[in-house]
Amino acid sequence: MAILLRGEDRIIVQGITGNQGRFHTRQMLDYGAQVVGGTSPGKAGQTVEGIPVFNTVRQAVQATAATASIVFAPAPFAKDAAFEALENGIRLLVLIPEHIAVQDSIDIVARAQDLGAVVIGPNTFGLITPGQRTKMGIMPNHIYRPGKIGVVARSGTLSYEIAFSLSNAGLGQSTVVGMGGDPVVGQTFISVLKAFHDDPETEGVVMVGEIGGSAEEEAAEYIQTLHIPVVAYLAGRSAPPGKRMGHAGAIIERGRGTLESKERALSAAGVRVVTMPWEVAPAMQDLLGP
Amino acid sequence: MAILLRGEDRIIVQGITGNQGRFHTRQMLDYGAQVVGGTSPGKAGQTVEGIPVFNTVRQAVQATAATASIVFAPAPFAKDAAFEALENGIRLLVLIPEHIAVQDSIDIVARAQDLGAVVIGPNTFGLITPGQRTKMGIMPNHIYRPGKIGVVARSGTLSYEIAFSLSNAGLGQSTVVGMGGDPVVGQTFISVLKAFHDDPETEGVVMVGEIGGSAEEEAAEYIQTLHIPVVAYLAGRSAPPGKRMGHAGAIIERGRGTLESKERALSAAGVRVVTMPWEVAPAMQDLLGP
Amino acid sequence: MKQYEYMAKEHLSRQGIKIPPGRVADTPEEARNAVAEIGPAALKAQVLVGGRGKAGGIKFASTPDEAARVAESILGMDLKGFRVDRLYVEGKLDIDQELYVSVTTDRNAKAPLVMASAQGGMEIEELADEFIVRRHVNPRVGVMPYFGKEIAEALGLTASLGREFADLLGRLYQLYRNLDAELVEINPLAVVGGHLVAADARLNVDDSALYRHPDLDTVEEGSALEQKVRALGLAYVELEGDIAVMANGAGMAMATLDAIQYYGGKPANFLDAGGGASVGPTASALGVLVDMHPKAIFINIFGGITRCDDVAQAILQVRQRQGIPVPLVVRLVGTHEKEGVALLQSDGIAAFSEMSAAAQRVVELAGEGR
Amino acid sequence: MKQYEYMAKEHLSRQGIKIPPGRVADTPEEARNAVAEIGPAALKAQVLVGGRGKAGGIKFASTPDEAARVAESILGMDLKGFRVDRLYVEGKLDIDQELYVSVTTDRNAKAPLVMASAQGGMEIEELADEFIVRRHVNPRVGVMPYFGKEIAEALGLTASLGREFADLLGRLYQLYRNLDAELVEINPLAVVGGHLVAADARLNVDDSALYRHPDLDTVEEGSALEQKVRALGLAYVELEGDIAVMANGAGMAMATLDAIQYYGGKPANFLDAGGGASVGPTASALGVLVDMHPKAIFINIFGGITRCDDVAQAILQVRQRQGIPVPLVVRLVGTHEKEGVALLQSDGIAAFSEMSAAAQRVVELAGEGR
């Protein structure tokens with residue numbers, strides 16, 4: 001098992017002929033993912049890394065029976081790409097682009113909810129299921145190991161850091177999910193935690209959060225109902241209030257979304273909260289026992 | 001049993017303080033319907049025929065636990081009234097007004113589908129379940145009798161004519177449903193026939209259709225799968241092509257939606273098609289046997 | 001409400017869809033000036049019928065003088081029953097390909113429908129199904145670029161023309177939504193020098209939504225009498241026969257016409273007096289029927305909201321005021337039936353209770369029937 | 001991107017929301033003329049901070065001369081760290097009641113949120129929860145009149161004011177959608193003579209959507225240096241300390257600051273060099289850090305998309321081009337780690353592989369820490 005993405009998922013790449021699309025198609029194939037097609041208007045008939053290119057998602061889905069798609073379109077075109085995927089039956093959608101207009105993200109997420117589709121991102125590194133040799137995303141292939149720890153993160157590089165430290169400590173991962181750094185994204189900590197909780201193979205979960213918003217506080221309430229060890233690391237301890245720190249998500253305004261309120265809520269819910277990234281793996285080892 | 005509307009349904013009247021709203025609230029109460037509240041902005045605290053008036057549907061639903069609403073708003077305000085009802089939990093919505101802009105009706109019907117709500121109309125006389133002494137609509141109370149014949153009609157007065165002739169022939173009605181005369185309405189012949197088919201108390205169905213559109217042709221395909229006697233009467237035999245006959249529904253253009261094509265399709269599906277309204281009751285008696 | 005071609009094109013243009021240069025001309029002189037200005041042009045009769053071209057309503061002129069002569073020949077002509085009062089003088093196009101595209105409402109699907117074809121120029125009904133791409137628009141989503149590209153793909157357009165088509169379809173759908181159109185059609189949608197131009201256009205607006213579009217040009221349809229009766233708020237259509245008919249409810253009115261025909265009679269009109277009309281409007285409507293000088297009048301009322309005594313009052317009023325010099329058959333049942341029947345009887349009119357008997361009788365009285 | 005009050009009001013007005021008469025004034029003379037034109041007025045400093053009133057940024061003037069004097073006193077003053085360069089001179093209102101209303105995006109609900117209060121005038125954070133009506137907008141539905149009326153009802157407004165509020169809220173939501181606002185706020189929403197007037201307004205536009213609004217007035221925020229680095233396409237924030245920091249990824253950059261602070265150091269800045277930045281931009285970013293004259297520089301890279309050898313190249317380039325005259329600590333792991341580490345070693349730089357050790361070292365080198 002694993003969550004959201006499995007080895008048998010048939011994946012298309014929207015924007016496969018661009019630099020990013022081409023590069024990550026190669027990476028995904030190398031990792032073992034079943035990339036079955038790609039789209040790029042007017043490029044039907046070509047191939048990229050041996051994968052057939054179609055003009056539209058409609059044609060790609062008809063030809064390949066794909067149910068998952070990863071989007072590399074530039075932000076202004078991401079909404080169209082997302083709807084093209086959703087309306088043509090894609091039920092797992094990974095949106096890589098950053099700086100998608102928030103109103104577009106609201107529309108994408110609402111439509112996906114109506115259709116029962118899962119959206120990862122936007123502004124995400126994607127998700128990876130090491131035990132089944134499949135991934136949809138831009139994360140480096142070599143840092144993950146198959147295992148029983150679920151990881152859910154807002155931020156890409158920081159999650160690599162933590163996944164790598166887990167791998168080095170002998171703690172492999174069931175699935176690593178990047179929720180995305182934008183203000184409005186498809187998942188919540190709660191939705192991903194729930195999926196990990198329902199996965200018999202996941203024995204512990206690492207949450208990588210940050211200041212801003214109140215997603216961590218809301219997750220805390222939910223975690224109280226779970227019976228699974230959770231370690232949380234939150235970035236932004238040193239951030240001054242009212243400053244934006246790159247991620248639109250990472251902004252503290254008006255006394256809400258502070259690190260203190262998040263850590264307090266999580267600790268109260270029984271989560272092991274650590275203060276530095278390198279403390280995550282030892283804390284998880286400690287929780288899981290010998 | 002019966003379909004869509006039952007005696008226990010708790011009904012509110014949107015626009016209860018207007019002439020129409022007031023008059024039909026009285027008629028519905030007289031018939032035995034559970035009208036539990038009404039709305040009219042700024043009139044909260046008043047009563048109409050002993051029924052409490054609220055400013056908003058939200059308040060009315062909170063106070064009365066209503067799940068059904070009948071709307072008497074003027075056409076330009078009907079969309080707002082319909083959404084107010086739907087978003088506040090109303091799941092059976094009867095839209096009396098005629099001349100609602102088609103784009104508004106499209107939006108209302110789509111939203112109702114998303115929410116799993118039933119819309120009757122717009123431009124309908126409503127629906128009535130004689131055996132449970134309840135109705136939501138503007139039909140005259142005295143022409144119906146409890147019984148086992150389902151009636152589904154596009155047109156009001158014509159359905160009264162036929163219901164009355166059924167009553168006079170000893171053929172009472174389980175539920176009589178007015179789909180509404182507008183181009184876009186909440187129901188189809190198929191959706192209503194399906195409900196009648198699933199209702200153990202309904203033993204035969206009368207369809208009252210008319211020229212224009214292709215709802216009857218589409219229904220015919222479905223009827224082939226049913227095991228229930230159906231009598232159909234269609235108005236507009238004498239209508240010249242390309243002329244609008246009052247109902248926006250009743251227009252024949254470009255050789256589609258003709259009476260002949262409808263009758264042919266229905267006959268082929270095993271429906272007893274009669275050519276005059278007064279032939280409906282004898283045909284149904286004949287089908288049901290002694 | 002239908003719009004003339006030149007109005008439809010004005011709306012397309014405002015929505016950012018390319019149209020050829022064009023001028024309205026009501027006189028040969030205006031046509032001459034138009035061609036002087038825009039060069040060789042098509043002179044197109046502005047009438048609300050299809051197949052203008054075949055019927056001689058579209059002609060070409062290369063010079064201003066020719067334009068005046070051609071305009072002279074078209075203006076005032078009768079085109080399938082419509083008098084030509086206005087021309088649209090439109091620059092001639094060098095067309096590579098003719099496409100078809102429209103957005104309309106599909107009643108059964110309760111959703112907008114896009115139809116498109118790579119075989120434009122013909123009426124859509126004359127096109128075989130396999131040449132038409134039909135796609136419903138999800139009203140929750142609307143027409144996004146990908147949707148237009150999918151259709152362009154199905155039409156076999158190139159990538160660049162496909163992008164242009166997708167853009168155009170988005171605009172066309174916006175027009176359909178924003179203007180409450182029942183139909184907006186571009187046929188042919190011409191490919192000119194690798195770009196799309198709306199060479200002919202149709203636009204029908206939802207009558208029920210006209211209140212939202214006070215700036216829309218009003219185009220009256222139907223005879224003077226039809227317009228007059230509709231102004232009373234009643235649904236009215238002129239027919240060929242001699243038996244005038246009034247009924248309450250559109251379905252009922254249609255069934256009444258059917259019944260007359262069933263017994264061999266010919267109805268003169270369709271008149272839906274509406275559900276619940278009071279004495280005044282009912283009397284006005286009946287007055288119109290009397291003025292038509294039919295062979296007989298048939299009033300068929302099933303009183304639901306309509307009260308039978310109100311209808312009877314209306315009949316008596318008209319009798320007193322203007323007289324009813326032709327045979328009158330009244331069928332009256334339902335709400336306040338007794339009172340209505342009694343009122344009529346007091347004036348010597350016997351009301352029927354059965355629709356069949358009443359229909360049969362009025363056909364006899366009109367001297368028609370089998 | 002935030003908009004000044006006068007810009008926000010212009011947008012409200014275009015959307016059909018009533019605002020008081022107002023003029024922009026950059027000089028006492030312009031303020032004088034404005035009051036001569038519109039009468040007694042409030043002179044409001046146009047700065048992007050809350051609580052202007054309490055800080056002396058809003059004053060009243062009854063006559064043109066008084067206006068000039070008051071303008072003289074406000075223009076050029078420092079308001080919570082912002083210099084006042086512009087005033088908005090706005091007609092004084094006779095306010096019966098002050099309401100609050102805003103539309104913003106709720107990240108957790110992934111939907112727009114309407115907040116309203118009958119206790120306007122204060123900052124929303126200072127209002128107790130029981131005085132605030134919060135309602136999410138379903139993005140599939142938008143703000144329809146009934147929704148506004150429900151909120152008006154909850155605020156206890158009369159039926160006629162409720163209708164006006166519902167109309168205003170519909171327009172406010174349209175503005176939020178059409179202009180890609182993160183926040184549009186009217187506070188106070190004044191009741192003046194039984195009607196609603198936007199007495200103060202805030203408008204923040206989603207930076208990611210600015211490409212859709214080329215006509216929007218540009219308002220720069222942050223220091224000159226921040227603006228310069230952001231112009232390179234990098235996320236950059238100035239902080240108080242002396243250890244300059246570069247990392248790849250926003251979360252990683254934040255964690256790096258945290259680590260420095262953990263060991264007792266003080267970061268000078270937040271700089272997200274981005275995932276996958278190539279040599280050139282990385283070198284430019286590093287160049288900016290050098291120019292800041294920090295006590296030390298910390299480069300923390302986890303190579304995913306970013307290639308470690310590209311980062312090493314950038315470091316060598318900057319060393320050659322401008323020199324790095326302060327202690328430099330580099331932590332480098334991930335993609336092409338070996339190549340990157342070797343490159344640095346060839347230039348005498350030892351790279352760390354552990355983030356903790358590296359953070360500890362840079363704090364030591366900066367002479368800070370426990």
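Note on naming: letters A, B, ... go to the chains in the order of the sequence lines (proteins, then strands), and numbering restarts at 1 for each one.
At least one donor-acceptor pair closer than 3.5 Å links the side chain of B:Q173 to the backbone N or O of B:L171. In this structure, C:D206 contributes its side chain and C:D180 its backbone to no donor-acceptor pair below 3.5 Å. With hydrogens and angles ignored, the 3.5 Å screen pairs no side-chain donor or acceptor of C:N204 with any backbone N or O of C:K2. The backbone N or O of C:I260 lies less than 3.5 Å from no partner atom in the side chain of C:K266, so there is not a single donor-acceptor pair. Here the side chain of C:D106 pairs a donor or acceptor atom with the backbone of C:N108 at under 3.5 angstrom.
Between chain C and the residues B:V109, B:I143, B:T188, B:D107, the largest count of heavy-atom pairs under 4.5 Å involves B:D107. Among the candidates C:A255, C:A359, C:P139, C:P112, the residue making the largest number of heavy-atom pairs closer than 4.5 Å to chain B is C:A255. Of all the listed residues (B:Q103, B:E218, B:H24), the one sharing the greatest number of non-hydrogen pairs under 4.5 Å with chain C is B:Q103. Chain C forms more heavy-atom pairs under 4.5 Å with one residue of B:A75, B:P277, B:A215, B:P76 than with any other, namely B:P76. For the set C:A259, C:S356, C:A209, C:A111, the entry with the most heavy-atom pairs within less than 4.5 Å of chain B is C:S356.
Contacts of C:A253 with chain B are absent, with no heavy-atom separation under 4.5 Å from either backbone or side chain. Proximity to chain C (any heavy atom under 4.5 Å) is shown, for B:V185, by both the backbone and the side chain. If you measure heavy-atom distances from B:Q187 to chain C, the contacts under 4.5 Å come from the backbone alone. Using a 4.5 Å cut-off between heavy atoms, C:T105 touches chain B through its side chain atoms alone. Residue B:F23: no heavy atom, backbone or side chain, is found under 4.5 Å from chain C. Both the backbone and the side chain of C:F302 come within less than 4.5 Å of a heavy atom in chain B. Using a 4.5 Å cut-off between heavy atoms, B:L234 contacts chain C through its backbone alone, with no side-chain atom that close. Only the side chain of B:T275 comes within contact range of chain C, with heavy atoms under 4.5 Å apart.
Partner of C:H336 under the side-chain hydrogen bond (donor to acceptor under 3.5 Å, both in side chains) criterion, chosen from C:D309, C:T306, C:D310: C:D309. Looking at B:I120, B:V152, B:L127, B:N123 one by one, the single match for side-chain contact (heavy atoms from CB on, under 4.5 Å) with B:M179 turns out to be B:V152.
When the shell of 6.0 Å around CD of B:Q224 is examined, it contains more than 12 heavy atoms from other residues, nucleotides or ligands.
Every side-chain contact (heavy atoms from CB on, under 4.5 Å) that C:A358 has, sequence neighbours left out, goes to C:F298, C:V329, C:R331, C:F352. With sequence neighbours excluded, the residues forming a side-chain contact (heavy atoms from CB on, under 4.5 Å) with B:A220 are B:A265, B:L266, B:A269, listed by chain and number. Residues passing the ring pair (Phe, Tyr, Trp, His ring centres under 6.0 Å) test with B:Y144: none are found, sequence neighbours excluded.
Identified by a heavy-atom distance below 4.5 Å to chain C, the contributing residues of residues 161-168 of chain B are B:E161, B:F164, in residue-number order.
Between C:I132 and C:M115, the closest side-chain pair of non-hydrogen atoms falls below 4.5 Å.
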